[in-house]
Number of protein chains: 2
Amino acid sequence: MTTSANGRRRPPTIHDVAREAGVSRGTVSRFLNGGHYVSPAARRAVEAAIRKTGYVVNRHARSLSTGRSDSVAFLLTEPQEKFFEDPNFNVLLRGCTERLAQHDIPLLLMLAESDDDRRRLTRYITSGHVDGVLLLSNHSGDPVAAELHDAGIPLVVCGKPIGLGSKVSYVAAADREGAQEMVRHLLTGGRRRIGMVTGPLDMPGGPDRLAGYRDVLAEAGLPYDPALVVEGDFRRSGGERAARRLLAQAPDMDAVFVASDLMALGVVNVLQQAGRSVPGDITVGGFDDSPAATAIAPALTTMRQPFDRISAEMVRMLLAQIAGEDTAGVILPTELVVRDSA
Amino acid sequence: MTTSANGRRRPPTIHDVAREAGVSRGTVSRFLNGGHYVSPAARRAVEAAIRKTGYVVNRHARSLSTGRSDSVAFLLTEPQEKFFEDPNFNVLLRGCTERLAQHDIPLLLMLAESDDDRRRLTRYITSGHVDGVLLLSNHSGDPVAAELHDAGIPLVVCGKPIGLGSKVSYVAAADREGAQEMVRHLLTGGRRRIGMVTGPLDMPGGPDRLAGYRDVLAEAGLPYDPALVVEGDFRRSGGERAARRLLAQAPDMDAVFVASDLMALGVVNVLQQAGRSVPGDITVGGFDDSPAATAIAPALTTMRQPFDRISAEMVRMLLAQIAGEDTAGVILPTELVVRDSA
DNA sequence: CTGAAAGCGCTTACAG
DNA sequence: CTGAAAGCGCTTACAG
């Protein structure tokens with residue numbers, strides 16, 4: 001630390017390091033950026049000088065010079081932000097933050113609630129303030145993914161973006177296969193009138209999990225009964241509403257597959273209030289393995305989404321794109337977690 | 001947008017705007033920074049030029065020039081990050097992000113889990129990469145607040161930092177008064193053997209809520225019975241453990257004040273499993289009014305923490321500090337929310 | 001009110 | 001392998 005006239009500390013610059021090490025600033029910079037074309041002697045001198053001065057690179061100067069920002073946005077768009085209550089969100093945000101930190105890349109959190117926000121943030125992002133975007137937005141109507149993609153911004157979406165085809169890189173869990181496995185598990189328990197609470201059908205995780213449910217019904221030679229299927233909204237309250245409808249439409253239901261744990265909380269609650277025991281009268285299978293799964297009695301049998309792997313993969317792919325590589329879609333397997341509800 | 005030889009878009013610079021407007025770059029810059037000393041004619045020309053070119057300021061260049069980063073860190077330190085499951089965290093993070101966005105200031109999310117992380121981040125922060133820090137860290141042993149404060153970094157802590165006295169600016173809820181109000185409410189219901197599950201006593205919200213409980217007991221002429229008080233950890237599982245101990249130590253307990261909603265979830269669960277009805281046999285009062293409060297049956301009577309105001313106040317104070325003003329501690333009132341559990 | 005110019009701290013061809 | 005130098009896009013005294 002150098003102290004200037006006014007007593008405020010002035011952080012050491014590359015110049016201070018160069019002087020201390022007896023080399024040019026160019027050499028220090030080369031050392032900082034991979035150490036190519038730096039002699040062992042120079043390297044040692046620079047290392048010592050950095051230690052002595054406590055030098056830390058000024059990222060603004062570096063970014064101005066390189067045109068890269070060395071930071072990444074984690075963007076949550078309007079429809080999705082409602083799911084801020086969703087514990088999955090935390091797990092993903094945290095996973096991405098940690099992975100990026102390993103690469104010394106700060107994460108900028110951005111929330112786009114209104115159209116105004118969306119425009120402002122798209123502008124901010126396309127102006128080069130971040131090198132890439134991790135996007136949590138899945139409603140099919142959301143234009144953000146397409147906008148960013150078209151602007152050439154490195155982008156990885158969480159969940160398979162409906163309608164964008166293979167244009168955009170994404171990381172998703174194996175929704176269909178996971179749903180299949182859960183419904184097979186319910187069947188194994190001897191149940192035959194299996195209901196389902198789906199996610200919104202315009203979001204990833206909506207149609208695919210429903211498809212998995214239908215796959216297994218067909219596979220088992222059971223009829224598809226529309227009275228057994230209700231669309232939910234991935235929220236707890238939506239699970240409650242759905243359960244009430246199912247109870248009314250299909251009172252003989254003996255099992256139910258709920259497309260998210262949060263909704264399953266609501267479902268179990270309503271079933272119990274209606275005097276149905278879980279898993280005695282009705283077995284319940286969830287999806288996510290979120291903290292919510294163990295927050296109720298009975299603890300929820302569910303399909304675990306590999307959130308750690310999802311965030312790791314998102315970050316890996318984004319960094320690859322930033323480095324100029326092409327990336328595609330990745331689908332990660334889910335895992336059945338058997339607890340008490342089914 | 002200007003297109004350079006290689007076909008990549010080059011964002012317009014202040015230079016492009018100046019040329020377009022027929023003024024100097026200095027004039028454009030003055031317009032950008034408050035518009036002082038800019039004639040109406042020049043202002044109009046610059047406005048038009050900005051619109052035409054689609055100019056957006058390059059923050060790296062600005063930061064390099066001004067020494068400010070125009071960004072802020074939201075820092076979660078090790079002990080606190082365990083509470084990532086805590087829905088309160090989401091509400092605060094979101095509130096701060098929104099408020100900062102209104103000032104066009106990006107929020108950098110930082111997680112310090114290990115001592116290594118802590119050192120790295122402290123270094124990052126004190127190197128001027130952010131203008132200030134919003135800190136969620138409350139364990140009394142946590143050195144981060146003191147470190148940042150001593151380094152002269154603008155800093156606002158969420159929750160009253162134990163042990164730092166009035167050195168550090170903070171925003172907190174009125175824990176003691178809130179606890180008093182809840183315990184009075186339980187008394188009003190006619191209960192006399194009122195238990196308490198506290199938070200960790202080395203965290204804000206720990207001792208103060210306990211103090212409020214004792215205040216009202218004394219006020220009502222009731223004895224303080226240590227068998228009725230168990231320390232929790234602000235987690236759901238800790239609430240369960242605490243409830244089991246209370247049931248064993250004080251089987252005649254007829255009400256319980258739980259220092260967080262998440263713990264209250266666990267408490268209600270254990271009480272019900274033990275065959276005690278809520279609120280029939282035992283009334284339960286929580287603290288927070290988190291989404292968890294309405295996630296159980298019966299819905300939880302609780303003290304609402306004004307999280308929106310807390311995050312707004314944190315941001316306001318931090319910006320004031322960055323602008324050179326002094327700020328102190330702020331305590332915001334809580335509000336009793338009566339539902340079904342008490 | 002305005003322009004010319006220095007300077008912020010880096011990186012990166014370029015010439016050696 | 002190394003140094004000198006240009007350049008990244010802004011802001012801000014300074015002189016007018």
Side-chain angles (χ1 to χ4, degrees), chain A residues 1-2 4-6 8-46 49-50 53-71 104 127-129 131, chain B residues 1-2 4-6 8-46 49-50 53-71 104 127-129 131:
Chain A
M1 284 291 177
T2 317
S4 66
N6 63 17
R8 289 268 293 229
R9 291 188 229 138
R10 181 176 66 71
T13 71
I14 206 172
H15 189 83
D16 299 316
V17 175
R19 188 173 347 98
E20 179 70 36
V23 299
S24 74
R25 295 178 298 159
T27 297
V28 176
S29 182
R30 268 176 237 116
F31 168 84
L32 255 23
N33 292 281
H36 304 302
Y37 305 105
V38 178
S39 65
R43 180 172 56 67
R44 278 191 299 275
V46 171
I50 286 178
T53 55
Y55 173 76
V56 176
V57 68
N58 179 320
R59 286 171 174 246
H60 302 306
R62 171 179 283 174
S63 291
L64 179 57
S65 187
T66 62
R68 281 178 280 111
S69 81
D70 291 319
S71 67
D104 205 24
S127 303
H129 290 122
D131 294 336
Chain B
M1 284 289 178
T2 317
S4 65
N6 63 17
R8 290 268 292 227
R9 290 187 231 136
R10 181 175 68 71
T13 70
I14 207 172
H15 188 83
D16 299 315
V17 175
R19 187 170 352 95
E20 181 69 36
V23 300
S24 73
R25 295 179 297 159
T27 298
V28 176
S29 182
R30 267 176 237 118
F31 168 84
L32 256 22
N33 293 281
H36 304 302
Y37 305 104
V38 177
S39 66
R43 179 172 57 66
R44 278 192 297 275
V46 171
I50 287 178
T53 55
Y55 173 76
V56 176
V57 68
N58 178 320
R59 286 171 174 247
H60 302 306
R62 171 180 284 175
S63 291
L64 179 57
S65 187
T66 61
R68 281 177 282 110
S69 80
D70 291 319
S71 67
D104 205 25
S127 304
H129 290 122
D131 294 336

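Keep in mind that this is a model prediction, so the values were computed, not measured. Chain letters run A, B, ... following the sequence lines, proteins first and then strands; every chain starts at 1.
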- So which of residues 22-34 of chain B are in contact with DNA chain D, with a heavy-atom cut-off of under 4.0 Å? B/Arg25, B/Gly26, B/Ser29, B/Arg30, B/Asn33
- Task: Would you give the length of the straight line joining atom OG1 of A/Thr27 to atom CZ of A/Arg30, rounded to the nearest 0.5 angstrom?
- Result: 4.5 Å
- Message: Show the nearest heavy-atom pair for residues B/Ala61 and A/Leu64, with the distance to one decimal.
- Response: CB-CD1, 3.7 Å
- Query: Just by modelled atom types, is the B/Arg59 backbone N or O under 3.5 Å from a matching donor or acceptor in the B/Ser63 side chain?
  - Reply: yes
- Message: Using the side-chain contact (heavy atoms from CB on, under 4.5 Å) definition, which of the options B/Thr13, B/Val38, B/Val17 pairs with B/Val28?
- Response: B/Val17
- Item | Closest-nucleotide 5' rank along DNA chain C - winner of B/Ser39 and A/Thr66 | B/Ser39
- Message: I'd like to know if the side chain of B/Thr66 reaches the main chain of B/Arg62, judged simply by a donor and an acceptor atom lying under 3.5 Å from each other, with no hydrogens or angles considered.
- Response: yes
- Taking heavy atoms of chain B and a 4.0 Å limit, find me the 5'-most and 3'-most nucleotide of DNA chain C within that range. C/dC1 to C/dG9
- Task: To the nearest 0.5 angstrom, please state how far the NE2 atom of A/His60 sits from the CG atom of B/Asn58.
- Result: 11.0 Å
- Item | Distance between C1' atoms of C/dT12 and C/dG16 (Å, rounded) | 16 Å
- Message: Minimum heavy-atom separation for A/Ser69 and A/Gly128, please, with both atom names.
- Response: CB-O, 4.0 Å
- OH/A/Tyr55 to OG/B/Ser127 distance, rounded to the nearest 0.5 angstrom? 10.0 Å
- According to a 3.5 Å limit on both distances, what stems of 3 or more consecutive Watson-Crick or G-U pairs are formed with DNA chain C? C:1-3 with D:14-16, C:5-12 with D:5-12, C:14-16 with D:1-3
- 5'-most contact on DNA chain C (nearest-nucleotide basis), A/Arg68 vs B/Val38, goes to B/Val38
- Query: Given the rule in the side-chain contact (heavy atoms from CB on, under 4.5 Å) test, do B/Leu32 and B/Ile50 qualify, once you have shown the distances and angles that lead to the verdict?
  - Reply: CA-CA 10 Å; B/Leu32 256 22; B/Ile50 287 178; 3.8 Å; yes
- Message: Please report the interatomic distance CZ(B/Arg19) to CD1(B/Ile14), rounded to the nearest 0.5 Å.
- Response: 13.0 Å
